[in-house]
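Each remark here refers to the structure printed beneath this line.
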Amino acid sequence: MARMIVHCAIYRDGRLVEELPGPAGTRGAAAAAGPGGFVWIGLFEPTAEELGRVSAEFGLHPLAVEDAASAHQRPKVEAYQGSLFVVLKSLGYHPDTREVTTGEVMVFVGADFVLTVRHGGDSPPGGLRQALEHRPDLVTYGPSSVLHSVCDTVVDSYVDVAAALQNDLDELEAEIFAPGRTGSDAAGRIYGAKRQVMTVRRATGPLLEPMSRLERGAAFVRPEAAPYLRDVADHLARVNDQVDGMDRLLSDILAANLAQVSVQQNDDMRKISAWAALAAVPTMIAGVYGMNFDDMPELHQPWGYPAVLGLMAVVCVVLHRVFKRHDWL
C-alpha cells in the first residue's frame, strides 16, 4: 500500500487559506503562510524518504525524524531547536473481539508549521482537520491549536476505550460471581481482561508527565492554549485513575476467583473423604471376617451373618447422618 501525504493546508487568521496537493505542496508552504499564518501537513505511515523530504523543508531534528519514521515510541515531549516533538499513543476498541488496539501519532510543532505523522489504523482520523476548522477561535492560536486538538482527540479515545472496558469488566464480574457458576475458564478470561487494561495503561500512564509539561508551558506552545491543554490533562488523569482502579479490581476478582476454586476443591475433597469413609467401614468389617481364623466363635453362630450385616448398616447410617449434619455430603 503506497504511503501518501494526507493533507497540506495553510491557515491564517483562524481560517483555511489554501489547500496544497501532494508532496510538492510542502515546498515553501511555511513561507506562503505569511505573518500570523501557519501550515499544517499530515502524513500517514510515511517512508523514511518521504519524511526526510518534508523534514528538510522545516529543519526538523534528525533524531525526532528517526523516531517518527520508525514509530513504536513511548509517549513523550522533546524540545529541539526550531520545533517541539510530541509522541502519543492512540487507542481503539473492537467490540466483536473485545480487544484494544493501538496506534501512534507524532506531532512536530514549530513557530509557523505543524506536522502530524500517524501510524496504525487507530490513530486519530483525518477528519480531525475538518473538525478543527469549525473552531476558528482555536485556529487563531496557530500550531498550538492543532497540538491541542490532537491531544484532545487521543485522550477522548482513552475515555471511550476505558468506558467500554468498564462495561466488559462489569459483565465479567457478574458472570464469575453468579450463583452456582463452576466454569473453569474464569482465570483465563480475567487474565485476558488484565491484558487489555495493561494496553491502556501503557498509553495513559507515560503520557501524564508530558501532558503536565505541555500545560505548564513548552516551547512553541502559546500561553492562550494552556487552559485547553490543562483540560486535556485533567481528562487524562481521570482516565488513568479509572484504568488503575480497573486493574486493581481485576486483581481482586482473580484472587477471589482463586479463593472460590480453593473452597470448591476443599468441598469436593470433604465429599470424597466422606464417601470413602462410608465405603471403608463395611470393607474393614468384611475384611476382618474374611480372614477365616478358627477361633472366631461368632462365625459358627446362626445369628452371625445377619448381625455383621446389621452392624455394617448401623455404622454406615450413623456416619451418613454425621457427615450430612456437617455438610460433608
Side-chain angles (χ1 to χ4, degrees), residues 64 67-68 71-79 84-94 99-109 114-125 127-129 131-132 135 138 141 143-169 193-251:
D67 289 344
H72 305 294
Q73 301 297 316
R74 181 181 175 89
K76 60 183 178 180
V77 172
E78 294 182 347
L84 182 71
F85 182 52
V86 181
V87 179
L88 306 100
K89 281 190 176 296
S90 54
L91 300 175
Y93 177 79
H94 301 271
E99 291 186 355
V100 178
T101 54
T102 62
E104 289 186 43
V105 56
M106 289 82 165
V107 185
F108 293 87
V109 181
V114 58
L115 170 65
T116 55
V117 181
R118 298 188 291 123
H119 291 273
D122 290 308
S123 55
L128 175 64
R129 179 170 66 92
L132 182 60
R135 296 289 307 275
L138 292 179
Y141 297 151
S144 299
S145 64
V146 179
L147 176 62
H148 161 261
S149 296
V150 172
C151 293
D152 188 46
T153 302
V154 169
V155 172
D156 283 346
S157 74
Y158 297 166
V159 174
D160 295 338
V161 170
L165 287 180
Q166 185 65 59
N167 290 335
D168 291 346
L169 179 56
K194 282 185 71 71
R195 287 188 60 186
Q196 305 310 313
V197 171
M198 183 59 66
T199 299
V200 180
R201 291 189 68 180
R202 290 194 184 104
T204 62
L207 188 57
L208 289 171
E209 192 275 335
M211 283 303 306
S212 179
R213 288 180 56 189
L214 289 177
E215 69 168 307
R216 291 196 305 265
F220 305 104
V221 177
R222 295 180 58 171
E224 297 89 342
Y228 296 95
L229 292 171
R230 188 176 303 114
D231 181 67
V232 175
D234 290 341
H235 292 172
L236 175 64
R238 287 199 296 269
V239 172
N240 191 69
D241 290 342
Q242 182 181 3
V243 173
D244 286 344
M246 285 191 289
D247 186 60
R248 290 192 298 269
L249 180 59
L250 281 169
S251 297

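Note that these values count all heavy atoms, side chains included, but never hydrogens, waters or copies made by symmetry.
- When side chains are defined from C-beta on, Val197 does not count as touching Lys194, because their heavy atoms never get closer than 4.5 Å.
- For the residue pair Val155 and Leu236, the shortest heavy atom distance occurs at CG1-N, 3.8 Å.
- Without hydrogens or angle criteria, Glu104 side chain to His72 main chain gives a donor-acceptor distance under 3.5 Å.
- Separation of atoms OH (Tyr93) and CG (Asp168) is listed at 3.0 Å; rounding is to 0.5 Å.
- When Val86, Val107, Leu132 are each tested for a side chain to side chain contact (heavy atoms under 4.5 Å, CB included) with Val150, only one passes: Val107.
- Contact between Ala64 and Phe85 at its shortest, heavy atoms only, is O-CZ, 3.7 Å.
- With no hydrogens or angles considered, a side-chain donor-acceptor pair links Arg216 and Ser212 at under 3.5 Å.
- Counted within 6.0 Å of CZ on Arg195, heavy atoms from surrounding residues, nucleotides or ligands total 12 or fewer; the atom is thus considered open.
- Atoms CD and CG, from Gln166 and Leu249 in turn, are 7.5 Å apart once rounded to the nearest 0.5 Å.
- Taking CD of Glu78 as the reference point, atom CG of Asp67 lies at 6.5 Å (rounded to 0.5 Å).
- The aromatic rings of His148 and Tyr228 stand perpendicular to each other, their planes meeting at an angle above 60°, with 30° marking the opposite boundary.
- Taking every heavy atom of both residues into account, Asp247 and Arg201 meet most closely at OD2-NH1, 3.0 Å.
- Side-chain contact between Lys89 and Tyr158: present, with at least one pair of heavy atoms (C-beta onward) separated by less than 4.5 Å.
- Between the side chain of Thr204 and the backbone N or O of Val200, at least one donor-acceptor pair lies under 3.5 Å.
- Closest approach of Pro143 to Val109, counting heavy atoms only: CB-CG1, 3.7 Å.
- The minimum heavy-atom distance between Val221 and Leu84, with the atom names listed, is CG2-CD2, 3.8 Å.
- Two residues are said to be in side-chain contact when any heavy atoms from C-beta on lie closer than 4.5 Å; Leu147 and Val114 fail this criterion.
- For the residue pair Pro75 and Pro210, the shortest heavy atom distance occurs at O-CG, 3.9 Å.
- Note that CG of Asp152 and NE2 of His235 are 7.5 Å apart. Values are rounded to the nearest 0.5 Å.
- With rounding to the nearest 0.5 Å, the separation of SG in Cys151 from CE in Met211 is 4.5 Å.
- Side chains of Tyr141 and Leu138 form a contact here, defined as non-hydrogen atoms less than 4.5 Å apart.
- Rounded to the nearest 0.5 angstrom, Arg74 CZ and Leu207 CG are separated by 10.0 Å.
- Side chain of Gln196 to main chain of Val100: a donor-acceptor pair is present (N/O by atom type, distance under 3.5 Å, no hydrogens or angles).
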